[in-house]
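One structure below.
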Amino acid sequence: MAETLKGSILAPISSATESVKSLINRICGDLEPWQIVVYTGGTTFAILYLRDFLFHDDENLSDRAKQQFFKLAKKIPMIRKKIEEEMSKATSSIEESMNKNVEGEYLHRLPSSGLPADKLLEELKRYKQMTNNSWKTGMVSGTVYNGDDSLTELMAKTYGMFAWANPLHPDVFPDVRKMEAEVVRMCCSMFNGDKDSCGAVTSGGTESIMLAMLAYRNIARDNGIKIPEIIVPVSAHAAFDKAASYFHMKITHIPLDEKTRKVDLNALKRAIGRKTCVLVASAPQFPHGIIDPVEDIAKLGQKYGLPVHVDCCLGGFLLPFMDKAGFPVQPFDFRVPGVTSISADTHKYGFAPKGSSVIMYRTKALRGRQFFVQPNWTGGIYASPTFAGSRAGAIVAACWATMVHFGEEGYVDTTRRIISTTRHIASGLKSIKGIFVYGEPLVSVVGIGSNDFNIFRLFDALVEKNWNLNSLQFPSSLHLCVTLLHTQPGVAEQFIQDVKDCVQEIMKDPTAECGGAGAIYGMAQSIPDRSLVNEIAGAFLEACYSTQASKPAITNGVHATHNGDAKKA
């Protein structure tokens with residue numbers, strides 16, 4: 001019986017195999033052995049290439065197809081020549097712009113003899129004169145979040161006291177170690193973490209975000225996922241893209257609801273797959289200041305067993321105090337089951353010096369996955385909690401001093417002033433015909449768009465009035481990030497009036513073309529080959545390190561130098 005059953009199963013397979021063999025032999029009958037080898041190898045290579053192209057884990061198929069098309073197109077001599085010409089013009093323009101406010105020659109070498117302290121301070125004052133001080137009058141979006149002279153003095157004194165401290169050596173600097181631990185614990189308490197919550201002080205929001213993504217990548221790899229996937233709203237900070245690029249992860253961007261500018265929950269749910277390692281929410285997001293539905297995203301995280309990171313880098317020292325300031329918001333922190341990590345910048349609305357942020361986790365087990373340990377180094381066991389080895393203990397100390405100086409009451413007061421000013425500005429802008437405000441900005445950012453004219457015309461018009469705003473893309477828009485400086489008497493009213501006046505002038509001819517910086521930004525959005533935008537951005541970064549002077553040298557001090565050899569005044 002068994003033999004009969006076996007024969008009935010194997011006979012058709014054997015017959016089919018013989019038929020395939022005969023077919024292959026007929027096809028290859030007239031081929032020489034070397035041809036068979038070459039054709040087989042070539043076919044195998046083509047299949048593997050096509051498989052990698054169609055099923056690459058890092059990017060989706062449409063993006064790869066576009067990249068390949070533009071890559072081939074740029075090989076055409078006429079197109080390549082035109083691109084090179086335009087890139088050369090763009091690079092020159094960027095370098096010229098970068099040097100616009102720079103006085104004197106650049107130092108190319110160390111001076112042959114050093115400057116004494118008094119002369120050096122004079123030179124520093126000359127450098128300081130190059131700074132655009134319009135932020136002091138509240139004309140700049142974000143950038144400087146406090147700027148008070150007494151706070152600056154406090155920071156300077158604190159920095160001086162701990163200038164040589166390095167948290168890499170906690171045995172030598174137990175003072176800074178204690179302050180860092182206290183900064184983290186105070187932040188965890190602000191975000192309603194329990195005794196198991198923990199974290200680390202970092203150099204900024206980007207590092208905080210990247211460390212969290214590194215931790216989740218490491219967990220996913222332990223679970224056998226070679227290229228883990230981050231799922232973020234398209235409005236999430238670019239630091240998530242940076243993390244995906246650095247750590248060999250895939251990132252999937254989820255569209256927003258056009259009206260509310262919150263992430264599309266249904267699209268987010270559909271995107272979740274077996275390689276997903278973390279879901280992301282922003283509170284609020286940078287472009288238009290909208291808070292994503294944290295509780296709903298956290299429920300999805302719990303349903304699918306995924307961690308949820310909440311990016312509070314921008315609003316980290318506003319949201320925790322909004323209830324007490326009289327502006328209730330939905331839960332966004334460790335009170336929400338499913339939220340596993342939070343990033344918050346102390347150097348924004350925490351008013352600490354630039355170069356400080358905090359990454360927080362619900363458990364120590366999660367934090368441990370961001371640590372780096374090399375147990376076999378000849379220099380000893382090397383371990384570091386963040387990307388940096390040596391770190392500036394003075395920054396930690398100044399951050400601690402700022403937080404303790406303000407205290408909860410101080411932060412509640414500044415939150416009340418900033419949120420009140422933001423909502424006053426948003427209300428005033430909503431009354432201006434020709435523009436609209438994106439969504440319901442509950443925190444400190446007001447996004448502005450227009451259905452009647454190119455919004456970058458408004459950007460240029462406000463630049464003419466000395467305002468420095470953030471221009472945004474996809475969709476074309478601009479925003480004002482309100483800081484404590486905008487709460488100064490008359491600043492908000494002046495901004496609303498200037499916007500009103502500019503819009504009224506623009507609406508006299510709403511279809512006119514946009515010029516100036518707005519035209520450049522609009523053009524960058526319209527370039528289908530995004531690699532060209534990458535090149536332009538790269539040229540900007542290169543220009544930041546340019547040492548080619550575009551203005552005459554100052555005739556005293558080290559500015560009147562050539563290759564670092566100081567001329568006597």
Side-chain angles (χ1 to χ4, degrees), residues 187-188 190-194 196-200 205 208-223 225 228-237 239-241 243-244 247 249-257 262-286 290-316 319-320 329-345 357-370:
C187 287
C188 285
M190 280 168 46
F191 286 88
N192 294 290
D194 60 20
D196 294 322
S197 62
C198 57
S208 293
I209 288 169
M210 292 180 71
L211 283 168
M213 297 304 102
L214 177 64
Y216 296 131
R217 187 208 68 171
N218 291 341
I219 293 171
R221 285 193 173 176
D222 284 350
N223 293 327
I225 301 174
E229 176 189 32
I230 307 168
I231 294 183
V232 303
V234 295
S235 54
H237 196 277
F240 292 99
D241 297 86
F247 304 145
M249 303 171 76
K250 179 181 179 181
I251 186 165
T252 297
H253 298 91
I254 307 302
L256 310 180
D257 179 277
K262 295 181 181 181
V263 66
D264 184 332
L265 283 170
N266 290 327
L268 189 149
K269 182 178 179 180
R270 289 193 300 269
I272 295 172
R274 64 181 183 86
K275 295 184 179 181
T276 303
C277 72
V278 61
L279 306 179
V280 172
S282 301
Q285 39 97 315
F286 173 81
I290 306 301
I291 301 175
D292 284 322
V294 174
E295 292 176 292
D296 293 328
I297 294 173
K299 286 178 182 177
L300 287 175
Q302 288 186 299
K303 179 178 179 180
Y304 293 99
L306 294 169
V308 173
H309 179 82
V310 178
D311 176 23
C312 283
C313 285
L314 180 59
L319 283 167
V329 291
Q330 292 296 313
F332 58 90
D333 52 19
F334 288 126
R335 290 171 295 175
V336 180
V339 170
T340 54
S341 58
I342 300 172
S343 50
D345 283 358
S357 177
V358 174
I359 175 62
M360 293 164 278
Y361 296 96
R362 188 176 285 274
T363 67
K364 292 180 176 65
L366 288 172
R367 178 177 64 178
R369 302 318 305 274
Q370 77 172 38

Taking C-beta and beyond as the side chain, do [X] and [Y] meet within less than 4.5 Å on heavy atoms?
X: Asp241; Y: His253; value: yes
X: Leu256; Y: Pro233; value: yes
X: Val294; Y: Gln330; value: no
X: Leu366; Y: Pro307; value: no
X: Ile219; Y: Asn223; value: yes
X: Val263; Y: Ser235; value: no
X: Asp222; Y: Arg369; value: yes

Which heavy atom of [X] sits nearest a heavy atom of [Y], and at what distance?
X: Phe334; Y: Arg362; value: O-NH2, 3.0 Å
X: Thr363; Y: Cys198; value: O-SG, 3.4 Å
X: Thr252; Y: Ala271; value: CG2-CB, 4.4 Å
X: Val280; Y: Ile230; value: CG2-CG2, 4.1 Å
X: Phe240; Y: His309; value: CZ-CD2, 3.8 Å
X: Phe191; Y: Pro320; value: CZ-CG, 3.7 Å

Indicate yes or no for a side-chain donor-acceptor contact from [X] to the backbone of [Y] under 3.5 Å, with no hydrogens or angles considered.
X: Asn218; Y: Arg221; value: no
X: Ser357; Y: Ala344; value: yes
X: Asn192; Y: Arg335; value: no
X: Arg217; Y: Phe247; value: yes
X: Asp311; Y: Cys313; value: yes

Which distance, rounded to the nearest 0.5 Å, do you find between the [atom1] of [X] and the [atom2] of [Y]?
X: Ile225; Y: Thr276; atom1: CD1; atom2: OG1; result: 8.0 Å
X: Lys299; Y: Lys303; atom1: NZ; atom2: NZ; result: 12.0 Å
X: Asp333; Y: Cys187; atom1: CG; atom2: SG; result: 12.5 Å
X: Glu229; Y: Arg274; atom1: CD; atom2: CZ; result: 10.5 Å
X: Lys262; Y: Asp257; atom1: NZ; atom2: CG; result: 9.0 Å
X: Ile359; Y: Leu214; atom1: CD1; atom2: CG; result: 11.0 Å

I would like to know whether Tyr216 and Thr340 meet side chain to side chain contact (heavy atoms under 4.5 Å, CB included); could you show each step before the answer? CA-CA 10 Å; Tyr216 296 131; Thr340 54; 2.8 Å; yes

The side-chain contact (heavy atoms from CB on, under 4.5 Å) partner of Ile297 among Val310, Val308, Val339, Ile231 is Val308

Report the C-alpha separation of Ser282 and His237 in whole Å, then their side-chain angles, then the decisive distance to 0.1 Å, and conclude whether the side chain to side chain donor-acceptor pair (under 3.5 Å) test is met. CA-CA 8 Å; Ser282 301; His237 196 277; over 6 Å; no

Please evaluate residues Lys275 and Lys250 with respect to the criterion side chain to side chain contact (heavy atoms under 4.5 Å, CB included), reporting the C-alpha separation (whole Å), side-chain torsions for both, the decisive distance (0.1 Å), and the verdict. CA-CA 9 Å; Lys275 295 184 179 181; Lys250 179 181 179 181; over 6 Å; no

